[in-house]
Amino acid sequence: MQRSLMIEPVKCTGCKQCEMACSMTHEGVFNPARSRIRVFEFHAEARFVPYTCTQCAQAWCQQACPVEAISVDAATGAKVVKEARCVGCKVCTIACPFGTVNYVRATGKVAKCDLCGGDPACAKACPTQAITYVDSDWTGLERMRAWAAKATATA
Amino acid sequence: MKAVILGAGPAGVTAAETIRAHNPKARITLVGDEPHPPYGRMAIPYLLSGRIDEAGTHLRADPDHYRNLGITLKTGRALGLDAKARTLALEKGELAYDALLIATGAKPVKPKIKGLNLPGVHHCWTLADARAIAALARKGEPVVLMGAGFIGTIILEALALRGVSLTVVEQADRMVPRMMDAKAGALLKRWCQAQGVKVLTGTSIAGVEKGPKGLAVTLSTGKTIPAALLVVAAGVAPNIGFLKGSGVKAKQGLLVDAHLETSLPGIFAAGDVAQGLDFTTGALAVNAIQPGAVAQGRLAGLNMAGERVADRGQLAMNVLDTLGLVSASFGAWDGVDGGWRSAALDRDNFRYTRLEFLGDRLVGANLVGIGPHVGMVRGLIETGTRLGAWAKTLKRDPNRLPEAYVATLAGRRD
Amino acid sequence: MGWAGKILRVDLAKGSCTPEPLNAKWAAEYLGQRGLASKYLATEIDPKVDPLSPANKLIFATGPLTGTAASTGGRYSVITKGPLTGAIACSNSGGYWGPELKNAGWDMIIFEGKAKKPVYLFLEDDRAELVPAGDLWGQTVWATEAAIRAKHQDPQIRVSAIGKAGEMGVMFACIVNDQHRAAGRSGVGAVMGSKNLKAVAVRGSQGVRVRDAKAFFEATTKGKATLAANPVTGQGLTTYGTNILMNVINEVGALPTRNHRDVQFEGARKISAEAMHEKRPTDGKANLVHNQACFGCTIACGRMSQLDKGHFTVVNRPQYWGASGGLEYENAWSLGAAAGIDDLEALTFANFLCNEHGIDPISFGATLGAAMELYDMGVITTKETGGIELKFGSAQALATLVELTGKAEGFGKELGLGSKRLCAKYGHPELSMSVKGQEFPAYDSRGIQGMGLTYATSNRGACHLRSYTVASEVLGTPVKTDPLATEGKAALVKAFQDATAAVDSSGLCVFTTFGWTLDDIAPQIDAALPGGWTTQRLLDVGERVWNLERQFNLAAGLTAKDDTLPKRLLTEPAKTGPAKGKVNELGKMLPEYYELRGWSKDGVPNKDTLKRLGL
Ligand SMILES: Cc1cc2nc3c(=O)[nH]c(=O)nc-3n(C[C@H](O)[C@H](O)[C@H](O)COP(=O)(O)OP(=O)(O)OC[C@H]3O[C@@H](n4cnc5c(N)ncnc54)[C@H](O)[C@@H]3O)c2cc1C
Ligand code: SF4
């Protein structure tokens, strides 16, 4: 059974431990600006929403890439950027309707969530279980994906 | 089923793969007229700037990719089409098909200006062009680039990164006029000039002659500048010449319906060659961009494989990096009738955000010096998400778009 | 490594921003944040300067763990000479601002001089720029944040700003970041205003590194588990916030009420954490909507509250209908019990406004309480207040005056003097419930004896956060002591003071010490920094910092005479509760404390002490 990140904003306190875990895992520094998961703050609603790639089936980013720099990790289903191949053209950043592929000036390449190869650091770091890594059926992700399929122009 | 795909660019390759995914038995032939494995044109600038080698431009990294999928690669140029007989005439021999995809892309146009056939004048469109340019665009050499449209501007960066002494000549009043408004175009120009690139807008090239550096380029202002290389990026035209008399209807490009089928049943078109449904206007338009080519290629493949899937229209969108300044445009960036706009401009820091709305829906955007999550613009436009109270927030501060997106779309999952 | 290694010096008069390397020797001795910035301040300014003159400096400082994944590693402090007290001031804030500064590559910013015209500093990684702030002058903290983000087109910019109160020199003006996190005490906001500095806006993307990432991960993971397993940091604070103390402290008979006339408040329940959880009869919703963590915090004691839209304070003011920072215990006390007010919604509203305008709710509420006593005595009348009936218990007066004080208008201007100056002005200096000019927080030292010594000796004037002996005397951590006893309190206070000074210099939140001792903290710091950091070294840092601050204050003109409490607490016995009949017996504790500190009878550090600490 494939697993996915389940995000429950109700539980999130906005501590950003996930952002730090993500940037430390991928970049070796604590640097929320380089995290592939971002906690959005809605102060007036007292609401914090961790947000990252859903590893959608459409894989807009992967399809748009002109040099096959994004591929699917067979084990996790994650769409993974191969830094060595990425030319930094950024087409994937506009192709992804979720906005979860970001260009990183420091590297000249793009970065996105890769599920840490099946052991996501954000989920482990979250002190409130607002982010968990669970069987895909549980996540409501299917709904999210259905939305993507329906909503975006071509499916 | 015999599926023939003409044109081995992104549209063609994606279509071939899609057909295979949905029909394990189909006989698929992918025909290209260039002597390389299928490659992506848009990787050429990165080849020129030295970031990748030629293999890095290949659409699929694995050399056995096509063989593994049972896709026959064929090199050859199509000369004509007999739709009744369902055969394609190639330079050498014929190819019979049950379903045909025309994905021949576009070719650069050469304006009628004296001297454009001289040695040292090149387009930047194919790998062969890239090799020729690389040989001439040496550090410090004077280079003139004709055209600062979208593709011209991408080439601009590649040339500048090679260290040439670059002059860009654009006849319109600003850079990237079809993707950027005047404010954004002005920012780009000032930025490029600050990086040492000469940008002449409202200027055209009157003629080219041989000169001491190789070429002498005369401008509409009367001034003549030397050049070791002149790169012509003055627009493109779909590759449809070989279809003359075939009965496939065309205007700017091949007219296709929502299923990417041309006026002749069984013949499909996708990519730069196709004039298909535009998401924003609902009219048929040529959207010559990579993601559009891929999306259309995929849809065409699905329909050729018998899955009836309709196109809701391609959203015109571009992202551009001019020597470190990243900009983007989406959909109706110049606004729509009855709509409204929210814009913020910071000239000193090269930041510009312009969002176009109709009611409480986002319909287009122009962005310079962009922040993270730019793809959300596409998501909001294509889903037609009603922003409700967030529209007011965005009116005050258009840069809060990512928050608006998460609040209205993604944030409501629990 | 832990430290960014770089500080920014901003000369406001010249308009220049100059980077310089962090003084590594001092960093090794003072760790960071409170300690290190105090060292810079004490070295660079004449302790006798007028706090509101250009000669004072204002330092924003992070600690080595700020911006790391250590739980609560998100703090910064503002260090300056405080106008309220004339003593060294160090106010600590959470939220997200400090980590952003660190992530931009800076340990601290030192502001010097005074700008000719209002400005704000915009800092984006290495780029520092003073931007004219004429259009922001007079704006609220909240409006300032929105305007700066819009102007620079980046909603992720973090802003630390003053409101009108800071501009106008309200003596307890604070500096607010992330809407409701504040460097709250001692009037640091007034210093910022006196420099014509409206805000410090930062955006960072450089990253914070630690010496040994693996060891750091292990140490911080262990630390987080300890906090999670502790009933206070793992449950109590998370669920109820600090205001869980309201009923507890009331029971103990140490809840200062009506300007310390009483030690128990009959309305305590109505303004407690429990009440914040309950559904209101009016609209069926609870005051509390969610908890919020500061950066990196796994405790998440922060409250997010939403007002009853029909409440008189906000009935036609939709701008206050959204959620914002809710009541902490200190604020619930100061805005409530200190003035005898039990209207939870009014308190919450006042709290919102304190954040919006940038005033310290503790000093504001306590000053209001003092003014109410003066009104009760007939010393202040409606003539002075401009018609406001300043009755104890009046939520109306609270709501009106919090706004006037925030904007420094009308009688709010008088309150903006702080209780010491206000009471002196009206001829009753003894009614100011303060030490060194700074108002008490929410613990009556007649009911909790150790807190009397804490207040009297605190280097920044009355403050609970310099040695929170409540933890031991009431809550029983790390060991339970008798709140009414004085024996052993001198040692307890010293131990708390030193440990707290170390924590305040690290980037961590002092609330972790409900669950952590320095033994839990030392490995985390050690993994982040070079040079070997043990519990003992941290204690040394703490003691060094404490003595450095003391030296500064003595040089500023303070003496042992200032280490005292208002007469009321020393002579008027508590009327009710377990402490009934008790006064604070400071005299029994203070000499012992001086001795333990290695200070003379006059409270001056001995030569040996200074030498031992390398001062
Ligand atoms: C320098 C450059 C930079 C670009 N940068 C970007 C960018 O950043 N973003 C973006 O979105 N787009 C960019 N583009 C445009 C993008 O590359 C095209 O939109 C895309 O390649 C279109 O794909 P396609 O498959 O439709 O056509 P093509 O890629 O043009 O492929 C068509 C194929 O058909 C072949 N062919 C043509 N005629 C015949 C014939 N008669 N017989 C047989 N074969 C034939 C061609 O040789 C070619 O192999 C760039 C283009 C260039 C040249
Ligand atoms: S930026 Fe990199 S990963 Fe994204 S489309 Fe371009 S090459 Fe592919």
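Throughout, protein chains are lettered first and strands after them, A, B, ... in sequence-line order, and every chain is numbered starting at 1.
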Q | Options Gly73(C), Ala293(C), Gly325(C), ranked by heavy-atom pairs under 4.5 Å with chain A, top entry | A | Ala293(C)
(Q) Which atoms of Ala69(C) are under 4.5 Å from chain A, going by heavy atoms: the side chain, the backbone, both sets, or neither? (A) both
Q | Per-residue contact mode, Cys126(A) against chain C (heavy atom under 4.5 angstrom) | A | neither
(Q) For chain C, which candidate among Gly28(A), Ala21(A), Ala33(A) shows the most heavy-atom pairs at distances under 4.5 Å? (A) Ala33(A)
Q: Could you have a look at Pro127(A), Ala46(A), Ala125(A) and say which one has the most heavy-atom pairs with chain C under 4.5 angstrom?
A: Ala46(A)
Q: To the nearest 0.5 Å, tell me how far Phe295(C) CZ sits from Phe30(A) CZ.
A: 9.0 Å
I'd like a table of the N/O donor-acceptor pairs between chain A and chain C - cut-off under 3.5 Å, distance only.
{"unit_1": "Val10(A)", "atom_1": "O", "unit_2": "His290(C)", "atom_2": "NE2", "d": "2.7"}
{"unit_1": "Thr13(A)", "atom_1": "O", "unit_2": "Ala293(C)", "atom_2": "N", "d": "2.8"}
{"unit_1": "Gly14(A)", "atom_1": "O", "unit_2": "Tyr96(C)", "atom_2": "OH", "d": "2.6"}
{"unit_1": "Cys15(A)", "atom_1": "O", "unit_2": "Gly296(C)", "atom_2": "N", "d": "2.6"}
{"unit_1": "Gln17(A)", "atom_1": "OE1", "unit_2": "Lys224(C)", "atom_2": "NZ", "d": "2.9"}
{"unit_1": "Gln17(A)", "atom_1": "NE2", "unit_2": "Ala69(C)", "atom_2": "O", "d": "3.0"}
{"unit_1": "Gln17(A)", "atom_1": "NE2", "unit_2": "Gly296(C)", "atom_2": "O", "d": "2.8"}
{"unit_1": "Phe30(A)", "atom_1": "N", "unit_2": "Val208(C)", "atom_2": "O", "d": "2.9"}
{"unit_1": "Phe30(A)", "atom_1": "O", "unit_2": "Val208(C)", "atom_2": "N", "d": "2.7"}
{"unit_1": "Asn31(A)", "atom_1": "OD1", "unit_2": "Asn103(C)", "atom_2": "ND2", "d": "2.9"}
{"unit_1": "Asn31(A)", "atom_1": "ND2", "unit_2": "Ser205(C)", "atom_2": "O", "d": "2.9"}
{"unit_1": "Arg38(A)", "atom_1": "NH1", "unit_2": "Gln156(C)", "atom_2": "OE1", "d": "3.3"}
{"unit_1": "Glu41(A)", "atom_1": "OE1", "unit_2": "Arg158(C)", "atom_2": "NH1", "d": "3.0"}
{"unit_1": "Glu41(A)", "atom_1": "OE2", "unit_2": "Arg158(C)", "atom_2": "NH2", "d": "2.6"}
{"unit_1": "His43(A)", "atom_1": "ND1", "unit_2": "His180(C)", "atom_2": "NE2", "d": "3.4"}
{"unit_1": "Ala44(A)", "atom_1": "O", "unit_2": "Ala323(C)", "atom_2": "N", "d": "2.6"}

Q: Heavy-atom distances under 4.5 Å only: say whether Ala70(C) touches chain A with side chain, backbone, both or neither.
A: backbone
Q: Would you sort out whether Val210(C) and Met24(A) count as a side chain to side chain contact (heavy atoms under 4.5 Å, CB included), showing the intermediate values?
A: CA-CA 10 Å; Val210(C) 288; Met24(A) 180 47 92; 4.2 Å; yes
